Enquirer: 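Just dropping this structure here.
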Amino acid sequence: MKNQKKRTQAMGLDILLWIYLAGCVTYLVNQWILPDANIWYYALFAWIPAMILNLTGHSPGSRFILGDKRSSVGTWTLVVIIVITFVVGWVIVEINPYKLFTRAGNATHIVSGLFHPNVKLMLPLLKALAETIYLALLATVLAIPFAFGFSFLASRNLMPRTWLGNGIYLLIRTIATVFRSVEAIVWAIIFSVWVGIGPFAGMLALMIHSIAALTKLYSEQIENIDPGPVEAVKATGAGGFWVWWYAVIPQILSPFLAFTIYRWDINVRMATIVGFVGGGGIGLALQQQQQMLAWRNVGVIIWLIALTVWLMDLVSGKVRAKLLDI
């Protein structure tokens, strides 16, 4: 039964890889040779070589899932896929080094503003900078209790292997993944319409994203705890909340604090970005000055942001190092 499952996984991997390879090759043909090439038509029949190579034992699935070390074809197939992926990425992104080195003059005003910032604007901007720091702080603090509670429900080693336990685990994991995959700037757009433009919208955007991100970090830390104390507490007849309280929390407290401080560090940087779409703080001021082409004002804002992030990195790095030693 186990071997059959592995063979099915190997076959599925090979089919997916060959469909992807056929799609990439057809895309390049479409771009360079035959503009009317139908990507999906060629990708549809990619399962045929995948099945042939899988059945003969010369495929990535045979090499990496079934463990057939004789399958050098499978290794070379992966190498080709990696190379093709890089080439397709280069074409899609339209990388053009010539433009990079020959059009530097377009950025002259911006570079000049960076090196000649308007220092007279520094003091008026401190309020916006403080707004950015505090909205990031509140977003982190308000996210902690939600993420802390959800992390226990999203930990495979703590949830019972019943239909209810599995359902809750999958639900929390799925929600956290979906909310984390939507960038904070998108949440800021949503909340700017919902509650209006300002730091409250930015705080809500960062809080939602922080809950999802911290839930993932916290739950993975819980899944890596030493099972010994958990079994010892269960042996006394305790269960549920008491297992969490006496066997899990003492092992995760220090890493949780380190993750939380690191998240605040991230939120300070992200707060600048959400300001561009109405999230308040110094990001909003940066957007306004950029729209007026006031590059010297933009320069002083960028230097203030860089200085703040540098100080935050310095302080949070030292605090995390101390916490991990506890």
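Since the model is a prediction, treat every value here as computed from it, not as a measurement. Along the sequence shown, residues carry numbers from 1.
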Enquirer: Going by side-chain hydrogen bond (donor to acceptor under 3.5 Å, both in side chains), name the residues that satisfy it together with R296, two or more places apart in sequence or in a different chain.
Expert: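 side-chain hydrogen bond (donor to acceptor under 3.5 Å, both in side chains) list for R296, sorted by chain: empty.
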
Enquirer: Please name the pair of heavy atoms, one in L217 and one in F259, separated by the smallest distance, quoted to 0.1 Å.
Expert: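 The pair with the smallest heavy-atom distance is O-CE1, 3.9 Å.
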
Enquirer: Considering only heavy atoms from C-beta outward, does the side chain of E131 approach that of I282 to under 4.5 Å?
Expert: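 When only atoms from C-beta onward are counted, I282 and E131 do not touch, as no gap falls below 4.5 Å.
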
Enquirer: Within the distance-only criterion (no hydrogens, no angle test), does the side chain of D265 pair as donor or acceptor with the backbone N or O of I261 below 3.5 angstrom?
Expert: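 No: the side chain of D265 does not pair with the backbone of I261.
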
Enquirer: Classify the angle between the aromatic ring planes of F115 and W303 as parallel (below 30°), tilted (30 to 60°) or perpendicular (above 60°).
Expert: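 Plane angle over 60°, so perpendicular.
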
Enquirer: Looking at V88 and C24, what are the two nearest heavy atoms and their distance?
Expert: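 Nearest heavy atoms, V88 then C24: CG2-CB, 3.7 Å.
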
Enquirer: What is the distance from atom CG of L284 to atom OG1 of T272, rounded to the nearest 0.5 Å?
Expert: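 Atom-to-atom, L284:CG and T272:OG1 are 11.5 Å apart.
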
Enquirer: Got Y20 and I84 here, is their nearest side-chain heavy-atom distance under 4.5 Å?
Expert: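 No, their side chains stay 4.5 Å or more apart.
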
Enquirer: With heavy-atom distances below 4.5 Å as the criterion, would you say the side chains of R161 and R156 are in contact?
Expert: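 Heavy-atom side-chain distance check passes, below 4.5 Å.
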
Enquirer: Between S210 and R263, is any side-chain donor less than 3.5 angstrom from a side-chain acceptor?
Expert: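 Yes, side-chain donor-acceptor contact under 3.5 Å.
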
Enquirer: Check whether more than 12 heavy atoms from other residues, nucleotides or ligands sit under 6.0 Å from atom CZ of F276, and answer yes or no.
Expert: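 Atom CZ in F276 is packed in, count exceeds 12.
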
Enquirer: According to the interplanar angle, ranging from 0 to 90°, do the rings of W90 and F86 count as parallel (below 30°), tilted (30 to 60°) or perpendicular (above 60°)?
Expert: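 Geometry flag for F86 against W90: tilted rings.
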
Enquirer: Could you report the tightest heavy-atom contact between P117 and G299, atom names first, then the distance?
Expert: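 Residues P117 and G299, closest heavy atoms: CB-C, 3.9 Å.
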
Enquirer: Taking the side chain as every heavy atom from C-beta outward, state whether I81 and T85 have any atom pair closer than 4.5 Å.
Expert: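 They are in contact (side-chain heavy atoms under 4.5 Å apart), so the answer is yes.
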
Enquirer: Could you tell me which non-hydrogen atom of V182 sits nearest to which non-hydrogen atom of H209, and how far apart they are?
Expert: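 For V182 and H209, the tightest heavy-atom pair comes out as O-CD2, 3.1 Å.
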
Enquirer: Would you say T215 and I175 make side-chain contact, with heavy atoms under 4.5 Å?
Expert: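 No; the side chains remain at least 4.5 Å from each other.
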
Enquirer: Please tell me if the side chains of M159 and N166 come closer than 4.5 Å, counting only heavy atoms from C-beta onward.
Expert: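 Counting from C-beta outward, M159 and N166 never come under 4.5 Å.
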
Enquirer: Any side-chain heavy atom of F191 within less than 4.5 Å of one from V274?
Expert: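 No, too far: nothing below the 4.5 Å cut-off.
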
Enquirer: Work out which heavy atom in L135 is nearest to a heavy atom in G202; give both atom names and the distance.
Expert: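 Answer, listing the atom of L135 first, then G202: CD1-C, 4.0 Å.
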
Enquirer: Does any part of the side chain of Y218, heavy atoms only, come nearer than 4.5 Å to the side chain of T260, both counted from C-beta?
Expert: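 In short, these two side chains touch, coming nearer than 4.5 Å.
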
